[in-house]
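No hydrogens, no waters, no symmetry mates; every other heavy atom, side chains included, goes into these values. Chain letters run A, B, ... following the sequence lines, proteins first, then strands; residues in each count from 1.
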2 protein chains.
Amino acid sequence: MTQKSAFPNVKNVKLLPGFWQRLQKLNRDITLPTEYEQCKNTGRLDAWKLEWKPGMPNPPHIFWDSDVAKWIEAVGYSLALYPDPKLEAKTDEVISWMAAAQQPDGYLNTHFISVEPDKRWTNLRDWHELYCAGHLIEAAVAYYKGTGKRTLLDVMCRYADYIGKVFGPGKNQKHGYPGHEEIELALVKLADVTGKDAYLKLASYFIDERGKQPYYFSQEAVKRGEKEHVPAWMNSPANILPYAIFQAHLPVREQKTAEGHAVRACYLYAGMAGVAKHTGDQTLIDACKTLWENVTTRRMYITGGIGSSRFGERFSFDYDLPNEEAYAETCASIALVFFAHNMLELDVDSRYADVMERALYNGIISGLSKDGKRFFYDNILASTPPYYKFSQQKSPERQAWFGCACCPPNIARLLASISSYLFSSNDDCLWAHLYTSCNGEFTLKGSTVKVTERTSYPWDGAISFAFKLDSPVRFSFAVRIPGWCTNATLSVNGKPVSLAKRIRKGYAVITRTWATGDKLELNLPIQPQRVYAHPAVRQDDGKVALQAGPVVYCLEEADNGPQLGAIRLPQDSKLALVKGPAALGGIPVIQAKALRQCRKEWDADKLLYSNEKPRFDSITLKAVPYFLWANRKPGEMEVWIWE
Amino acid sequence: MTQKSAFPNVKNVKLLPGFWQRLQKLNRDITLPTEYEQCKNTGRLDAWKLEWKPGMPNPPHIFWDSDVAKWIEAVGYSLALYPDPKLEAKTDEVISWMAAAQQPDGYLNTHFISVEPDKRWTNLRDWHELYCAGHLIEAAVAYYKGTGKRTLLDVMCRYADYIGKVFGPGKNQKHGYPGHEEIELALVKLADVTGKDAYLKLASYFIDERGKQPYYFSQEAVKRGEKEHVPAWMNSPANILPYAIFQAHLPVREQKTAEGHAVRACYLYAGMAGVAKHTGDQTLIDACKTLWENVTTRRMYITGGIGSSRFGERFSFDYDLPNEEAYAETCASIALVFFAHNMLELDVDSRYADVMERALYNGIISGLSKDGKRFFYDNILASTPPYYKFSQQKSPERQAWFGCACCPPNIARLLASISSYLFSSNDDCLWAHLYTSCNGEFTLKGSTVKVTERTSYPWDGAISFAFKLDSPVRFSFAVRIPGWCTNATLSVNGKPVSLAKRIRKGYAVITRTWATGDKLELNLPIQPQRVYAHPAVRQDDGKVALQAGPVVYCLEEADNGPQLGAIRLPQDSKLALVKGPAALGGIPVIQAKALRQCRKEWDADKLLYSNEKPRFDSITLKAVPYFLWANRKPGEMEVWIWE
């Protein structure tokens with residue numbers, strides 16, 4: 001049975017001290033101000049003043065608007081939970097520039113207003129106009145929800161209304177769609193907050209028009225006087241189908257595999273699921289499920305990273321998950337969380353929340369340094385420092401900023417809104433998807449239900465929920481039993497409850513009349529585990545990964561010395577969780593007796609190849625959470641260990 | 001004790017039916033004519049008529065001369081052994097164009113005569129003038145030796161004389177050296193054949209000047225009005241030292257590791273060894289030995305491939321030998337053979353011949369298809385066909401030609417001259433380095449020594465040498481005991497000879513008075529072997545390679561089905577040599593009981609990650625010689641197998 005649900009407003013769930021509150025505070029105190037400075041120093045903010053004139057240096061770039069938009073979105077979420085008049089005033093100023101920059105017809109884009117005013121809507125394929133519009137819409141919605149202020153929301157409604165006139169099935173309308181998807185999911189949010197069906201229809205139009213032949217991108221290219229074929233850089237290195245990089249090779253309902261640029265793909269899929277949530281269009285739901293399955297059962301790293309190929313930042317083929325050459329862009333994993341989020345609203349099934357959890361605890365927060373100031377764009381799963389100098393791998397150290405700076409503000413908006421991902425509900429049921437200490441307030445059967453959750457998750461699996469209601473209400477409370485957990489236990493008011501018959505699509509469902517003082521205790525024992533990849537993942541054959549709870553671990557040179565590849569973790573070696581190094585906050589690390597292949601004789605005899613069987617020394621291996629890697633001095637790292 | 005030796009003229013050793021004769025015939029009958037047609041069809045031959053005028057299409061490219069030169073060189077060797085009046089007439093015609101094209105001052109280069117006459121010698125760094133000159137010199141020497149005709153030799157002496165005026169230490173001379181080395185080793189050959197010391201001095205000049213500061217390449221760039229820094233593409237992706245890509249970052253005697261473009265590097269090193277052979281300069285010999293050791297004990301594939309990084313076609317760092325991303329250009333392994341060849345003349349030591357053999361039987365001839373018509377530029381050690389579409393890997397199928405077509409004629413000239421690599425000698429000793437059926441004629445102590453060698457090597461290790469002399473002569477005959485062989489046996493005239501005390505630098509030396517009828521029989525049992533890589537080669541940890549004699553084997557999808565990575569060869573599984581498939585000529589293949597990880601349950605449950613230990617099915621694995629891979633329908637391949 002399919003159960004729909006809705007996630008709450010970010011305001012409804014307030015984090016308490018714990019894993020995610022620490023990150024959310026870091027985001028508020030360090031990351032958001034750092035990103036403001038970067039936007040200011042690089043010209044991204046001042047671009048909105050429209051003071052750039054031809055001949056001046058540093059023209060507003062086609063994707064700058066999106067960076068500022070994501071920052072405002074993050075601020076909106078942050079202000080919802082943590083009032084900050086100074087930050088709000090700063091942001092209002094930027095929004096006032098945006099309002100002033102809006103053109104009489106509603107158009108709003110710094111590059112195409114200041115730099116190339118004659119090129120508006122002439123290259124949807126490459127020029128990111130609709131992508132920037134989408135991010136500005138998301139910013140407007142978040143800022144409105146967080147502050148109640150309508151300025152940006154009104155601006156963006158006008159812009160969206162204008163876009164709705166330009167694009168559509170009409171004879172005088174453009175039958176186009178974005179080269180970089182994003183606006184689809186944003187328009188669903190705008191429809192939600194304004195109640196206007198037109199925005200939903202526009203989102204549907206962009207989704208349904210996509211991939212039809214003759215290709216809009218070809219026709220548009222010919223109009224620009226260019227060849228209709230995709231230019232070489234887009235084929236980089238070898239496209240299979242024209243426009244697959246943009247997910248525009250086929251109508252979306254005919255797409256059976258996740259192709260092309262991974263961020264674009266998952267933004268699109270999230271938009272599709274968002275539209276389907278409203279329309280109930282089963283063909284679109286089926287398309288979403290097919291693509292979800294392809295992404296998550298064939299093309300996803302153990303870290304929740306997606307888009308394995310750095311050539312095109314794209315999906316490659318089933319079971320191709322290179323580790324050292326991984327791309328796994330931070331934004332792509334965030335987009336996967338958005339996709340999971342909208343799928344959970346369509347159909348509550350732990351397969352979605354499991355992936356959401358996997359991405360959040362691993363391949364997304366690996367994108368942020370421990371001090372909140374530096375970022376990974378790509379999230380490799382193995383690193384040998386000199387290698388990046390001789391490959392297309394980027395630096396194996398986090399960077400302060402990027403020319404194309406999509407990832408930093410994407411992390412910021414996700415952390416600022418993370419509390420809204422923990423629970424979803426409908427009238428009969430409240431689902432707990434992710435676990436962290438918090439206070440939540442929900443409405444079930446017309447009554448307010450308050451829940452206080454306490455846990456040290458993911459370092460400890462004991463989780464308690466205490467209820468507070470004005471009067472008793474009968475509803476279901478459903479707690480997710482993560483895919484990694486095989487020995488969960490549950491009690492209600494101290495009485496053990498058998499899980500066996502209560503599991504529905506991965507959630508233990510407790511249906512009863514809940515009253516103030518009721519307490520549900522869930523235990524998800526956190527034990528170190530060995531994880532194997534599907535045998536067709538050639539890069540991981542013969543190897544094992546380590547996980548404890550949802551956290552994927554890795555070996556770092558700082559703990560294990562160099563030449564991690566020579567470390568072998570025998571199958572019978574016991575794994576133990578022990579207190580980790582102070583430099584990483586003392587969180588638990590995995591320890592095990594292991595072997596290291598000796599090199600002494602090889603070095604003495606100057607051998608590169610030999611018939612001698614490998615010989616080993618005994619060592620103690622120490623694995624740390626993957627998301628914390630590269631926070632000490634640069635060195636080797638690997639997730640998949642020779643077993 | 002260091003023993004010098006000299007390799008014979010190609011004429012002195014004639015191949016008999018066997019492994020190399022088959023390839024040499026294929027080269028003569030198919031490859032050379034194919035390459036002639038390619039040179040003709042692409043304009044490379046007609047370029048010599050100097051008919052190209054500005055505005056015409058297809059201008060002679062800066063490296064075209066070298067392709068034609070290598071083809072002529074190959075023809076020269078071939079004519080030495082197999083007279084062919086038609087081929088000779090065709091070649092003479094091209095040479096007549098070359099002679100006519102030579103400028104009054106001696107200069108000769110189609111591009112800089114026809115296309116950019118004002119740019120002569122203005123960009124040694126990038127424009128390959130001295131590189132083309134080097135190849136033309138090698139062609140001239142080979143054609144003279146093969147046919148006795150001096151036209152091209154005289155042309156090239158004039159050109160070399162002119163180059164010697166342009167470059168040198170004099171006040172009015174350019175203190176430059178080539179961006180792409182090659183002329184150094186060519187000048188040594190020209191000195192050898194003409195007896196003129198000036199050519200050796202010019203080679204020395206280029207070698208000694210290299211890497212001095214201020215950098216010639218910087219000064220030259222400034223003169224062109226460019227920035228002195230290396231342009232970005234040369235830093236691709238990240239140069240460590242300026243000009244390391246050209247081995248011009250330091251004076252050659254200060255270079256301790258093999259850096260940069262691997263073909264250039266080994267052409268340079270071969271040139272250095274060639275000069276040192278004549279001058280006896282110990283500092284240069286030491287430099288050669290240091291670089292040899294770095295290349296062959298830290299940066300060489302098991303196939304003899306070198307230059308592991310495709311970004312810059314370059315050496316990367318110690319023990320970095322990626323398999324699927326390997327570059328290992330065919331030309332680079334050929335250059336390594338030239339380096340080995342000159343080192344063997346300096347100091348007969350089987351370490352050089354072992355590497356020569358490794359490269360010849362594996363990473364070089366893998367560059368040529370079974371039908372002699374198609375070529376690999378890069379020689380990967382693992383292939384999963386869709387991967388190349390999403391990476392910078394080139395096609396995993398051999399190609400008919402390349403825009404930059406250095407490899408095809410390089411293979412041709414090597415195969416045409418292969419007989420000259422089998423033996424070297426000095427007055428007291430004849431060394432057998434490589435084994436194949438042939439008739440050789442040498443001079444020792446003033447007497448002619450004829451040797452007939454019979455063997456089915458590398459498929460069978462029984463090798464016999466029968467001597468014929470006008471009168472008995474006392475000298476040493478030294479046969480190489482390959483590094484891969486631990487149980488060699490030897491007999492002279494049927495009487496077993498103990499090897500133990502007769503091994504000198506890897507050669508079993510038999511010193512006696514040899515007379516007609518004497519027979520030496522060497523047996524190098526060919527058994528399948530497991531080979532491991534140094535533990536620091538992270539890409540091969542946990543893996544094993546298979547070898548039989550000098551031949552490295554690989555798994556192909558054609559024999560083993562897809563998903564080769566899931567195949568595991570347990571350490572106790574016995575290897576057997578069995579008759580191989582007819583499609584590969586029935587040569588022996590390696591067979592063994594092995595395991596394949598089951599995927600049925602993974603697929604049934606749509607799992608990508610799981611805690612379940614790997615489970616296996618029993619299979620029989622079949623490995624074929626690496627050099628024969630990709631001669632059947634396209635499919636997966638791997639050299640390093642999960643053990």
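Side-chain atoms of Asp318(A) and Asn294(A), non-hydrogen and from C-beta on, do get closer than 4.5 Å to each other. With a 4.5 Å cut-off on side-chain heavy atoms, Phe317(A) and Pro385(B) do not count as touching. Using a 4.5 Å heavy-atom threshold, the side chains of Ile481(B) and Ser350(B) count as separate. Residues Trp292(A) and Arg351(A) are in side-chain contact: their nearest non-hydrogen atoms beyond the backbone lie under 4.5 Å apart.
Of the possible polar contacts, none joining the Glu313(B) side chain to the Phe311(B) backbone as a donor-acceptor pair under 3.5 Å is found. At distances below 3.5 Å, not a single donor-acceptor pair connects side-chain atoms of Arg299(B) with backbone N or O atoms of Ser308(B). Side chain of Asp354(A) to main chain of Pro482(A): no donor-acceptor pair is present (N/O by atom type, distance under 3.5 Å, no hydrogens or angles).
In terms of heavy-atom pairs under 4.5 Å with chain B, the best-connected choice from Gly565(A), Pro386(A), Pro322(A) is Pro386(A). Comparing Ala533(B), Pro535(B), Gly483(B) by heavy-atom pairs within less than 4.5 Å of chain A, the highest count is held by Pro535(B). For the set Glu293(B), Arg599(B), Arg310(B), Gln547(B), the entry with the most heavy-atom pairs within less than 4.5 Å of chain A is Arg599(B). Counting heavy-atom pairs closer than 4.5 Å to chain A, the top residue among Ala382(B), Ala545(B), Ser610(B) is Ser610(B). Most heavy-atom pairs under 4.5 Å with chain B, from the set Gln539(A), Met300(A), Gln563(A): that is Met300(A). Comparing Thr296(A), Asp603(A), Thr384(A) by how many heavy-atom pairs each has under 4.5 Å with chain B, the most go to Thr384(A). Interface check for chain A: of the options Glu636(B), Glu612(B), Glu643(B), the most heavy-atom pairs under 4.5 Å are formed by Glu612(B).
For chain A, the nearby part of Leu607(B) is the backbone; its heavy atoms alone come within less than 4.5 Å. Contacts between Val537(B) and chain A at a heavy-atom distance below 4.5 Å involve the side chain alone, from C-beta outward. Contacts of Lys543(B) with chain A are absent, with no heavy-atom separation under 4.5 Å from either backbone or side chain. Using a 4.5 Å cut-off between heavy atoms, Glu325(B) touches chain A through its side chain atoms alone. Heavy-atom distances place the side chain of Tyr319(B), and not its backbone, under 4.5 Å from chain A. For Leu321(B), the part lying under 4.5 angstrom from a heavy atom of chain A is the side chain only. For Glu638(B), no part sits under 4.5 Å from any heavy atom of chain A, backbone or side chain. For chain A, no part of Gln393(B) is nearby; none of its heavy atoms comes within less than 4.5 Å.
Once rounded to the nearest 0.5 Å, the distance linking CG of Leu291(A) with CZ of Phe315(A) reads 9.0 Å. To the nearest 0.5 Å, atom CG of residue Leu524(A) and atom CH2 of residue Trp484(A) are 5.0 Å apart.
For Trp640(A) and Tyr626(A), the gap between ring centers reaches or exceeds 6.0 Å.
Taking the charged nitrogens against the carboxylate oxygens, Asp320(A) and Arg538(A) do have a contact shorter than 4.0 Å, which makes a salt bridge.
Scanning residues 566-573 of chain B against chain A with a 4.5 Å non-hydrogen threshold yields Ala566(B), Arg568(B), Gln571(B), sorted by number.
Partners of Tyr327(A) under the ring-ring contact (aromatic ring centres under 6.0 Å, His included) rule, at least two apart in sequence or in another chain, do not exist in this structure.
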Exercise. Can you check side chain to side chain donor-acceptor pair (under 3.5 Å) on Ser395(B) and Gln399(B), steps first, answer last?
Worked result: CA-CA 8 Å; Ser395(B) 169; Gln399(B) 304 294 307; 3.3 Å; yes
